[in-house]
Amino acid sequence: MEKTRIAFLVVALGGAGLSLSGCATEDYVDKHIAVVNQRIDGVEARVGQVEASATQANQAAQAAMTSAQQANQRLDQLTPRVDSLEQRLAAKKPRG
């Protein structure tokens with residue numbers, strides 16, 4: 001009877017050992033989660049930098065568009081004056 005009991009204990013402990021060896025320990029999981037979290041933090045930091053760069057580029061583009069619009073308005077104001085001067089020059093008789 002005792003041999004059967006010992007055999008049963010050996011089989012039970014062996015089976016338990018095999019079943020537990022397939023499970024990850026909490027420390028193992030924590031270490032791998034920490035690595036993944038570090039990568040996520042790095043990606044988030046990079047996304048923040050890209051967003052800041054994009055915002056700066058957008059602001060610069062808007063400022064350039066405003067300057068271009070102002071230049072176009074000034075040109076629109078000067079065009080009639082230039083046209084008038086050209087007409088006066090064309091209407092003048094050449095000296096000679």
Side-chain angles (χ1 to χ4, degrees):
M1 201 49 142
E2 198 169 310
K3 285 185 181 183
T4 317
R5 195 173 187 190
I6 291 174
F8 177 74
L9 274 173
V10 168
V11 170
L13 288 174
L18 287 174
S19 68
L20 289 177
S21 68
C23 296
T25 64
E26 186 176 339
D27 185 47
Y28 174 84
V29 172
D30 287 346
K31 286 179 183 175
H32 282 76
I33 287 176
V35 170
V36 170
N37 283 339
Q38 284 177 334
R39 288 181 181 173
I40 289 171
D41 291 344
V43 169
E44 286 177 343
R46 183 67 182 132
V47 167
Q49 292 172 346
V50 169
E51 284 179 341
S53 294
T55 299
Q56 289 175 344
N58 187 33
Q59 290 171 346
Q62 288 178 347
M65 182 177 66
T66 299
S67 293
Q69 287 173 339
Q70 290 172 348
N72 282 337
Q73 288 173 350
R74 182 70 177 139
L75 183 61
D76 288 343
Q77 291 170 352
L78 292 175
T79 299
R81 292 173 69 189
V82 171
D83 289 344
S84 173
L85 289 173
E86 286 177 341
Q87 288 173 358
R88 277 200 230 159
L89 286 174
K92 272 190 170 183
K93 293 183 181 179
R95 293 183 186 176

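Position 1 is the first residue of the sequence, and the numbers go up from there. None of the values given here were measured: they were computed from a predicted structure.
- Judged purely by atom type and a 3.5 angstrom limit, Thr66 uses its side chain to pair as donor or acceptor with the backbone of Gln62.
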Side chain to side chain contact (heavy atoms under 4.5 Å, CB included) between Glu86 and Asp83, intermediate numbers included: CA-CA 5 Å; Glu86 286 177 341; Asp83 289 344; 3.9 Å; yes

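- In this structure, CD in Gln70 is found 10.5 Å from CG in Asn72, a value given to the nearest 0.5 Å.
- For the atom pair OG of Ser53 and CG of Asn58, the computed distance is 12.5 Å after rounding to the nearest 0.5 Å.
- Here the side chains of Lys31 and Val35 are not in contact, with every heavy-atom distance at 4.5 Å or above.
- Residues Thr79 and Leu75 share a closest heavy-atom pair of OG1-O, 2.8 Å.
- Separation of atoms CG (Asn37) and CG (Asp41) is listed at 6.5 Å; rounding is to 0.5 Å.
- The side-chain heavy atoms of Leu85 and Arg81, taken from C-beta on, include no pair separated by under 4.5 Å.
- The number of heavy-atom neighbours closer than 6.0 Å to CD of Glu26, taken from other residues, nucleotides and ligands shown, is 12 or below.
- Counting Ile, Leu, Val, Met, Phe, Trp and Tyr side chains that sit under 4.5 Å apart, directly or through other members, Val47 shares a hydrophobic cluster with Val43.
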